[in-house]
Each structure stands twice: as structure tokens, then as C-alpha cells.
Amino acid sequence: MNPLLANLNEPQLAAVTLPAVHALILAGAGSGKTRVLTTRIAWLISTSQVSPPGILAVTFTNKAAKEMLTRLAGMLPINVKGMWIGTFHGLCNRLLRAHHRDAGLPQLFQILDSADQQSAVKRLLKSLNVDDEKFPPRELCHFINAQKEQGLRPAAVEAWDDWTRKRVGLYEAYEAQCQREGVVDFAELLLRSYELLERNEPLRRHYQERFRHILVDEFQDTNKLQYKWLSLLAGGGASMFAVGDDDQSIYAFRGADVGNMRDFEREFKVDNLIRLEQNYRSHGNILDAANAIIKNNPSRLGKNLWTEAGAGEPIRVYEAYSDLDEARFIAEEVKALSRDGHARAEIALLYRSNAQSRALEHALFSAGLPYRVYGGLRFFERAEVKHALAYLRLIANTDDDTAFARVVNFPTRGIGARSLESLQDAAKAANSSLHAAIAQVSGAGGVKLKAFAELILKLRDAAHLPLPELVDHVIELSGLRAHYQNEKEGQERLANLDELINAAASFVAEEGVANEEGELSSELASFLAHASLEAGEHQAGEGDDALQLMTVHSAKGLEFNIVFICGLEEGLFPHENAISEEKGLEEERRLMYVALTRARQRLYLAFAQTRMLHGQTRYNLPSRFLDEVPEELLKWLTPRAGKQGFAVPSAPTFSNGDAMPRRRESSSGSGFRIGQSVTHAKFGLGVIVNAEGGGSDARVQVNFGTAGMKWLALSVAKLEAA
DNA sequence: ATAGACATTCTTTTT
DNA sequence: GAATGTCTAT
């Protein structure tokens, strides 16, 4: 027996050893998905069914791609480096670099990240004198990306109203601007390489014949364009092996289309649908809860996780008075767990939205517990790093107006708004880049601009230097170093700039791109692509034994011994913006499913009666997801809050600094107070969130959850304390 | 050109 | 509440 196949369970083995056919693997959480994917590649190669260059394996994140490469390298005695295993964007970048001419791109085309894209759009709106109130750059970016992700160029977009027609026009102008500047955004990487393959038959046939096996990770997260891209490449008879979990589809809001799983099944006539349902991660109670929750979603492909591990501990539920109380409880609990010998790094605090981390962080800090928050600014996204990268981008391509605009006056060199305006006018008149238009600007501003142009020229002269030295040189000559040396808070930024030099050095050491003779550094171009495509690790203390704080979204794919899910309240989780639509609610439920299945041994669910949000105290009902977990799996750490609402009345006398209902007048005499749970004959269960008037005029505002927010006159409405 | 005041917005996020 | 963006005064 092939040692690769040892210890695989039956469906895993079946999936790994499928012949060259299309297959859809429904891989539940914790069912060994990555193992199946990598083992399949290793098995195909080791049994000589395919050679390494015949494999195309696609993931969504760099982390997943790296993980696959590392595991594969451990299974096979081959050099994994050159294999086509990577993210959609990384592989498309590779394709476009190799065929930039056919794709209509300059050799050193630059990649705009989302922030770059937004500033490019802002610049475009300004140059066209478009009101950015009516066309917010954020929304316009979203629109453009959504079209591209459907595979639609401006001419193909159907516009039925003036607003959309105008946006399509702006989409077109944006494309022209990008093309002139020699830059592509993330979605363009995909679309451009799709079009390249579609239109260039010899090229398409080449890759179709080359890739015999296409493997896709997290298939439920693919968008329409990615699916088309895969279909095109598989069109030459390759086998497609798609691994995904429709229950973990939580990115519909950014274009992911679970429908691709059904389409794939139908269009590729997949008759190998394999379910991986045995879970190796969590104890039974946790899985039972997850299964019970997700069962409420109709139209699933269907799957039920099970485990050989025992039921384990019950799921602990804590009802807090307030967000601060919730945080304090968690901090105390974690402290106790830590004392009992649990590694802090094995404990995760999950929440629906980032704003929730504040209260948690505060409590953890007071308790002296080290923690790490995911989701902040990443290395290559930091302002000072982006500034340095902008200078480097101008070395590679002087026409990159986004980079130009970013640093033309940073550090300040007396080039103000009016000089830039005349430069922009000149560029527009000549249909040229900002850099190329400098000669046209006269006067004092023109002199300063010419000095800037000379600076870029001088920097370009250094392009032959080894990359780390070039970076150092740029930081020095641009004045960035001096600028941050003079700044009070500049120490950390200087350190980050030094870190950028280090990053360049290790990039050269690892990637080892050869520098072509006499040419502008292709090493530089690869490094810049790397900086755009892989924004780098999140900041701070890796390696320390720290608590892990993150949103449920960023927890996907991770696992922890102990998990706290915080803020389980209607309006927060499920989020209020998602509640009104069935589809939105189902995605929230899948999100809850993802959250639950992160835990191996112990799971806490926490919610609060009052919470500060957007600077206001809010009163929420417990999340409906709590009701969807079977009673017998739960162990209430506070008196049970039933379907009737909160068990513990929130007395207005907390001494712990919690938000207290401010309007006492509303409670006097009426028998009701803010924060109290009430029932109404028509609207059902709700929470009083506000009150005004008194005596016979008294009115209260009640949050009825699904039934909405209502103002009710106490003299008319029959409210009962719940 | 820059600091300080005022207004506005506020899910989730990788590439 | 905090962060970003725009306007205003120096």
C-alpha cells in the first residue's frame, strides 16, 4: 500500500485516489480537506499519472497556498517551487507577466491594491469634474469590481437607468486611465488573463494541454469570473477536482457565488460527489450544535458532521448585563483557564464586527492578559511603507499616476494644490501621465515639479543596484528617512522602513529572480507585485502565548481548543443589515456555523443586554441563533434567559461603570424601564430601548427584533413585562 | 502648508 | 467613540 494513503478514512481515500475525472468534494469543517487536496496531488505525481507541471492548484489566500506547498514538499522528493500552485491572483499575475505583450500590458505593469484603486478612482472623478457625492469612490470601485467579477467590460454591462449608465461611462474612463498608466487592479488580473486565454487560441491550447489536473480549494468562495477562468482552462480535457463546503460560504457580499458548486456539478456532469463528514476537530456537543444551527438553512447540498470523539463538555452560555460585563467575564474566565494550564494561544475570542474588540481589549488589558488582535493594518499597507513603494513604482514606471500623486509632495517640497491642478490640466490636455506633463507647467510650481522629475531620474539611475540597496537608496534620497527622523512619533515608521529593506533582502533570497542585463530591474517588478499581492502578516507579537482576537470571518480555516463567541445578540449577530433578507440571514447562519466549528474542546457563547455601539447604548434581544441550539447541549452560567427574553432584569443601579439607563423619569410610576423585556400581542417579544413623556402621555420605544422598532403609547398599547 | 475645528460615517475582507 | 475627510484660520 502506498504510504501516502495510510490513515485516510474511506471517503478521503476514495477522493484521493479517484481516476482522472471531474469531482466535487464536499468537505465539512475539520474533515481533513487540505490533507485530501495535497495527498491527491502527491498521489497523482507519485503514481506517474501526471508530472508536476501538469498540475494547477488554486487557493484564495497566500497562507493556504503556502501550506499546500509545504505539505507537498514533505510528501514528495521534488522541487515544489516551480509548480503552478498559488492564489487566483498570484497565478494570473504569473500568466500576465509571461505574456504581457499578448495581454496588452507593459512588461513592468503595476498592481493596484484596493486602497490604490480607490485613490485612482478619486483622481479620475476629479479630472472629469464628477460630483463625488453622487458617485462615491467607494461605491464606484465596488461597482467596477462587481462588473469585472462577472466578466463584463463596459460595453457588455446592461444599464437601465441614468445612474448606472453614468457609472458604466466612468468604468470605461477608469479602464482607459489604468491602461494609460500601465496598472491593473485585482479584478483586472483575473479578467485580463481570462480574456487573454479566451482570445489567443494557441496560448489557450498550450495551457489547456499542459494542465491535466486542476484542483481548487474553497470552491464555495469562487466568483463567476473565477469559475469561467477555471472552466476555460479545463476545456482541453483536464480533470477538475473541486473541494468546498457550501455551509461555509460567507463571502457572498464580495461576489462569491455558491451557485458555482451546483453549476459545476451540472456543467461538468460530475458524478463523483464525495462527502467528507467525519470531523477530527471538535467534540460531539459542539458538532451537534453546529448541525442543529445549519439545519435551519434550506437548499443546502446536505451534510452532517459526526465524530468518534465523545460528546465532551456542554456549551457554556453567559448572559451579561452589558458589553463591559461580558468582557470582564471573559477576561476572568480566561485568566482561570490560563491558571489551569491552558495555553492562551489556544483560546480565541470571536466576534461579528471589529468594533466589538474595544471592550474586550480593555478588559484583557486591565486583567494583564496578553492578546493579539487580527485584522489591523498590515505591513505593506502602512502609510510609510506605501510611500516608499510609490517611489519604487515610479522607478519601474514613471506613468504610474497613483504612485506619482502619492509622493509628489511627500515629504513636502512646496508643491501645492494649485501646482498640481495645473499639472493635472496639462496632463489631461496632452492625454499623458502626470510625469510626462511636467514640462508643460510654467512658473514657480513648474520649477519645483521639474526638481521632482529630476529626483525620479536620479532614483532610476540607481535601478541597477541590488534590490535591498535600491530600497535603502530610495528611502534616503526621497527624503523619507529625514522626514521621519524629524517627526516626534517617527521611530516606529523608521523601523518599518528598515523592515522594508529587510523584506526586500529576504524576497531576493527566497525568490531569487535573476536580473536581466541592461534592463530595468525585473526583480523590482516582482517585488512590487509581491507587495501588492501579499500584504504581509498582521502586526505584533507572534510567538508569544497570547489570546487570539478576531472576527468570525478571519477565523475561517483556523481552530482552537477553546472558543468564545461574543455578542450573540439580534442586530449584531445576526447583523442588522442582514436580518431583513432571507439570503442575508442564511449567510449569517453559515457564519455562526463557521464560528461554532472552530472549537475543539470547549465553547462559550456570550451576549449582553446593553451594548455601546456608535457611541450610543443599544438594547438588543438575545440572538435567534441561541434558540436554534438544542437546550440539552447548553449549560447556562447565568439564570436561563428563555424565549421570554432576558432572565435577569437589568437594574439601573450597576456600580461597575456600565452604561445605565439615563432617563429615570421614564420608569417612575409606569412600571416599565429602559432595557426591560416586554411582550406585545401583535409584535411579540421586545426590549424597551427608549422612553419619553410621563403619566398618561408616556410613550416607549420597543425593539421587537424581527418585527422592528416601534413607538408605543403606554396608555394604548397592552405591554406586559416578560 | 499645516494644525485644529467640524461633520460624517460606521459589517464582514483577500487578493 | 473613533476614524476619516473637509473646511477654516493662521
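Note that the structure is a prediction, hence the values are computed from the model and not measured. In what follows, chains carry the letters A, B, and so on, assigned in the order in which the sequence lines appear, proteins first and then strands, with residues in each chain numbered from 1.
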Asks: When we call it a touch if two heavy atoms are under 4.0 Å apart, what does Q117(A) touch: a base, just sugar-phosphate, or nothing?
Replies: nothing

Asks: Taking atom types as modelled, is there a side-chain donor on N145(A) or Q117(A) under 3.5 Å from an acceptor on the other?
Replies: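 Yes, side-chain donor-acceptor contact under 3.5 Å.
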
Asks: Can you tell me how far C1' in dT11(B) sits from the matching atom in dT6(C), rounded to whole Å?
Replies: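 Pairwise C1' distance, dT11(B) against dT6(C), rounds to 25 Å.
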
Asks: Find the distance D113(A):CG to dT13(B):C1' and express it as a whole number of Å.
Replies: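 So the two atoms are 13 Å apart, to the nearest Å.
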
Asks: Check every atom of dA1(B), dT14(B), dT11(B) against the side chain of R254(A) and return the nucleotide holding the closest atom.
Replies: dT14(B)

Asks: Using whole Å, report how far NE2 of H575(A) lies from P of dT12(B).
Replies: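 Going from NE2 in H575(A) over to P in dT12(B) covers 7 Å.
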
Asks: On DNA chain B, does the nearest nucleotide to I415(A) precede the nearest nucleotide to H89(A) from the 5' side, or the other way round? Give the residue.
Replies: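 Counting from the 5' end, the first nearest nucleotide belongs to I415(A).
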
Asks: Given atom CG of L613(A) and atom C1' of dG1(C), what is their separation to the nearest angstrom?
Replies: 10 Å

Asks: Contact class for K556(A) vs. all strands (heavy atom < 4.0 Å): base, sugar-phosphate, or nothing?
Replies: nothing

Asks: Does a donor on one side chain sit under 3.5 Å from an acceptor on the other, for N409(A) and R413(A)?
Replies: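 Not at all, the side chains of N409(A) and R413(A) share no donor-acceptor pair under 3.5 Å.
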
Asks: Hey, can you tell me if Y484(A) and F410(A) have their rings parallel, tilted or perpendicular (30° and 60° cut-offs)?
Replies: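 Aromatic pair Y484(A)/F410(A) classed tilted.
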
Asks: Could you check whether the rings of W84(A) and Y207(A) sit parallel, tilted or perpendicular, using 30° and 60° as the cut-offs?
Replies: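 W84(A) vs Y207(A) ring planes: tilted.
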
Asks: Could you check whether F186(A) and the base of dT14(B) form a stacked pair, meaning centres closer than 5.5 Å and planes differing by less than 30°?
Replies: no

Asks: Round to the nearest Å and state the distance from N354(A) atom CG to dA3(C) atom P.
Replies: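 Nearest whole value for this atom pair: 12 Å.
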
Asks: Hey, which of these two, N577(A) or G90(A), hits DNA chain B nearer its 5' end, going by closest nucleotide?
Replies: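 By nearest-heavy-atom nucleotide position, the 5'-most residue is N577(A).
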
Asks: Would you kindly give the NZ-to-P distance between K63(A) and dT15(B), to the nearest whole Å?
Replies: 10 Å

Asks: Using a cut-off of strictly less than 4.0 Å between a heavy atom of the residue and any atom of DNA chain B, enumerate the qualifying residues of residues 131-147 of chain A by number.
Replies: none

Asks: Once you round it to whole Å, what is the distance between P of dT12(B) and CG of D221(A)?
Replies: 18 Å

Asks: Only one of D245(A), D246(A), D247(A) forms a salt bridge (charged side-chain N to carboxylate O under 4.0 Å, His left out) with R300(A), so which one is it?
Replies: D247(A)

Asks: With no hydrogens and no angle check, do the side chains of R372(A) and Y374(A) hold a donor and an acceptor under 3.5 Å apart?
Replies: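 A pair is found: one side chain offers a donor N or O, the other an acceptor, under 3.5 Å apart.
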
Asks: Check the phosphate of dT13(B) against T551(A), side-chain N and O only, distance under 4.0 Å to OP1 or OP2. Yes or no?
Replies: yes

Asks: Take atom CG of L377(A) and atom P of dT14(B), then tell me their distance rounded to the nearest Å.
Replies: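 Spelled out: CG on L377(A) to P on dT14(B) is 12 Å.
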
Asks: Would you mind telling me which of dT14(B), dT2(B), dT11(B) lies closest to the side-chain atoms of R352(A)?
Replies: dT11(B)

Asks: Tell me whether H614(A) and dC10(B) count as stacked here, given that the ring centres must be under 5.5 Å apart and the planes must differ by less than 30 degrees.
Replies: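 One would call H614(A) stacked on the dC10(B) base.
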
Asks: Using a 4.0 Å heavy-atom cut-off across all strands, classify F88(A) as base, sugar-phosphate, or nothing.
Replies: nothing

Asks: Determine which pairs satisfy salt bridge (Lys or Arg N to Asp or Glu O under 4.0 Å) with at least one residue from residues 604-616 of chain A, sequence neighbours left out, and list them in order.
Replies: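 Listed once each, the pairs are E326(A)-R611(A), E569(A)-R611(A).
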
Asks: In terms of side-chain heavy atoms of T87(A), which of dT13(B), dA2(C), dT15(B) is nearest?
Replies: dT15(B)

Asks: Under a 3.5 Å distance rule, please check whether D185(A) uses its side chain to pair with a backbone N or O of E188(A) as donor and acceptor.
Replies: yes

Asks: Between N62(A) and dT14(B), is there a contact of a side-chain N or O with OP1 or OP2 at under 4.0 Å?
Replies: no

Asks: Over how many whole Å does the gap from Y194(A) atom OH to dT15(B) atom C1' extend?
Replies: 20 Å

Asks: Would you mind telling me which of dT13(B), dA1(B), dT15(B) lies closest to the side-chain atoms of L533(A)?
Replies: dT15(B)

Asks: It should be established whether S114(A) places a side-chain nitrogen or oxygen under 4.0 Å from OP1 or OP2 of nucleotide dT15(B).
Replies: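 Looking at the OP1 and OP2 atoms of dT15(B), neither is under 4.0 Å from any side-chain N or O of S114(A).
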
